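Written out below as structure tokens is the structure these notes cover.
Atoms within a ligand are numbered from 1 in the order they appear, just like the ligands themselves. Every value quoted in this text rests on a predicted model; they were computed, and no experiment measured them.
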Amino acid sequence: MDFTITPEIEDYRQRIAQFVARELLPLEADRANYDAHENIKVDVLNQMRARAKAEGLWCLQLQKETGGQGLGKVGMAVCYEEMNRSIFGPVVFNSAAPDDGNMQVLEKVGTDKQKAEWLQPIVRGHVRSAFVMTEPAPGSGSDPAGMMLTTAKKQGDSYVVRGRKWFITGAEDSDHFILIARTSDDPRKGLSAFLHRKDTPGFRIERRIPIMGPEEHGGHCEVVYEDMVIPAENLLMNEGDGLKLTQIRLGPARLTHCMRWLGLSKRCVEIASEYAQNRFAFGERLSQRESVQMMIGDLAMQIEIGRLLVMKAAWELDRGGFARKEVSMAKVHVANLLHKAADTAIQINGARGYSKDTPLEWIYRYARQARLVDGADEVHKMVLHRNVEKEGRDFWKWDAGA
Ligand SMILES: Cc1cc2nc3c(=O)[nH]c(=O)nc-3n(C[C@H](O)[C@H](O)[C@H](O)COP(=O)(O)OP(=O)(O)OC[C@H]3O[C@@H](n4cnc5c(N)ncnc54)[C@H](O)[C@@H]3O)c2cc1C
């Protein structure tokens with residue numbers, strides 16, 4: 001086992017770290033740079049995106065021929081963590097959800113024509129994209145294969161879509177949509193994936209759902225399909241491959257969430273440590289108190305456990321595996337870690353932690369979604385249990401290689 005990173009990855013890491021420290025942390029500290037939904041203002045974002053592009057720090061997740069940097073998942077794990085030291089980081093480098101996962105899946109499964117038409121505008125930063133799967137009850141949430149109610153019925157060379165979806169991140173500002181809808185009752189091959197634009201007749205955004213945390217650009221929307229017609233050439237993969245496409249998209253997308261969340265968790269420790277070193281109470285620095293040392297030491301350890309889980313999954317994906325178990329374990333651990341890191345850092349910062357003078361309260365509110373999005377903790381643990389039942393003691397087997 002070799003945990004050394006290549007000089008190329010280290011070079012990207014250093015340049016991203018410098019960009020974040022030089023450009024983004026000062027912006028993040030000034031409320032004037034925030035939009036009404038507590039994200040980076042679009043005009044400021046566009047300036048920063050132009051700089052990130054000019055410095056060759058754009059779309060690390062994509063192949064060079066697609067317009068990216070070709071870093072692979074291990075390289076991304078190193079760099080995403082670094083970029084999310086700032087809450088503004090991922091969107092500046094075009095590595096924020098949901099564009100990040102949408103670009104990766106389009107690069108992997110799109111035809112050349114689909115890549116030119118649907119992927120390239122996102123890569124260039126000209127449009128945003130959304131992934132449309134979840135439905136309000138009684139439709140599909142944790143169980144898309146079993147419960148999806150939105151239908152796409154074949155009529156000649158087209159499909160006619162009817163249904164309602166919600167929590168669609170970025171929908172209000174997106175132009176390209178990847179929609180998952182039911183095309184048959186087959187339990188494995190019943191769903192299909194489609195591409196459509198925002199202005200397609202029959203599609204509308206019903207509302208931007210108010211949420212407890214800060215919002216991605218375009219919010220989280222409830223959307224309605226009323227006999228929207230999609231040409232068959234806008235099928236992604238083949239009819240019946242919707243569940244497969246979802247799995248191809250969500251594995252890496254869940255892992256990149258973890259990579260970013262590790263960066264945010266480290267930032268929480270950074271702010272907590274700095275305060276503990278400089279704040280006195282009862283004649284001592286807070287950092288001299290064993291109880292405070294235990295809190296920060298424990299977080300540091302939990303972050304390292306998260307990094308090892310993420311790196312193992314990244315390594316497995318880079319060598320062509322699916323890393324399903326590894327991604328599930330990383331997702332559950334890091335989602336809970338992020339919540340704990342923000343909570344602990346607020347506690348150590350006292351009243352300051354509860355204020356908007358640091359990003360801790362932002363991270364705390366944001367963190368609560370981590371245990372729900374892309375599979376709730378309980379669903380991932382259910383999947384892990386299935387694996388334990390199936391594999392027994394082999395669940396933990398080492399790959400002995402050739
Ligand atoms: C901020 C945010 C952004 C999102 N963005 C998108 C998006 O862009 N596109 C999209 O399609 N969706 C999106 N979602 C939806 C997200 O993927 C779903 O919330 C998630 O899949 C869970 O579905 P659900 O909310 O319907 O929960 P439900 O299926 O209603 O489950 C509710 C709860 O039941 C429990 N539960 C469920 N299954 C089990 C089980 N097997 N065993 C034990 N307990 C269980 C869990 O605690 C779960 O939290 C987003 C959600 C949020 C909060």
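- Residue contacts with ligand 1, taken as heavy atom pairs separated by less than 4.0 Å, involve A376 solely via side-chain atoms from C-beta onward.
- Between the side chain of R15 and the main chain of E55, a donor-acceptor pair closer than 3.5 Å is present.
- For atom 30 (O) of ligand 1, the nearest protein heavy atom lies 4.0 Å away or farther.
- Of all the heavy atoms of H220, the ones lying under 4.0 Å from any atom of ligand 1 belong exclusively to the side chain.
- Within ligand 1, the atoms closer than 4.0 Å to a non-hydrogen atom of F131 are 7 (C), 8 (O), 9 (N), 10 (C), 11 (O), numbered from 1 in the order shown.
- Aromatic ring orientation, W261 versus Y366: perpendicular (interplanar angle above 60°, classes split at 30° and 60°).
- Distance check for atom 7 (C) of ligand 1: a protein heavy atom is found below 4.0 Å.
- Counting heavy atoms under 4.0 Å from ligand 1, residue V379 touches it through the side chain alone.
- No side-chain donor-acceptor contact under 3.5 Å links S129 and H176.
- Nearest protein neighbour of atom 53 (C) of ligand 1, counting heavy atoms only, is V373 CG1, 3.8 Å.
- For the residues P98, A97, G141, the heavy atom positioned nearest atom 24 (P) of ligand 1 is part of G141.
- Taking the six-membered ring for Trp and the full ring otherwise, F88 and F93 have centroids separated by 6.0 Å or more.
- Remark: the S184 side chain and the D186 side chain contain no N/O donor-acceptor pair separated by less than 3.5 Å.
- Checking atom 34 (O) of ligand 1 against the protein gives no heavy-atom contact under 4.0 Å.
- The shortest contact between atom 14 (N) of ligand 1 and any protein heavy atom is with F167 O, 3.6 Å.
- Looking at atom 45 (C) of ligand 1, its nearest protein heavy atom turns out to be E378 CB, 3.9 Å.
- E107 and T66 share a side-chain donor-acceptor pair at under 3.5 Å.
- Distances below 4.0 Å separate heavy atoms of L372 from the following atoms of ligand 1: 20 (C), 49 (O).
- In terms of protein heavy-atom proximity, atom 22 (C) of ligand 1 is nearest to S142 OG, 3.8 Å.
- Residues M311 and V74 are in side-chain contact: their nearest non-hydrogen atoms beyond the backbone lie under 4.5 Å apart.
- For atom 43 (C) of ligand 1, a protein heavy-atom neighbour is found at a distance under 4.0 Å.
- Remark: ligand 1 and T134 share an N or O pair separated by less than 3.5 Å (distance only, no angle test).
- Ligand 1 has a nitrogen or oxygen under 3.5 angstrom from a nitrogen or oxygen of T169.
- In D374, the part holding a heavy atom less than 4.0 Å from any atom of ligand 1 is the backbone.
- Using a 4.0 Å cut-off between heavy atoms, M133 contacts ligand 1 through both its backbone and its side chain.
- With hydrogens and angles ignored, the 3.5 Å screen pairs a side-chain donor or acceptor of E28 with a backbone N or O of I87.
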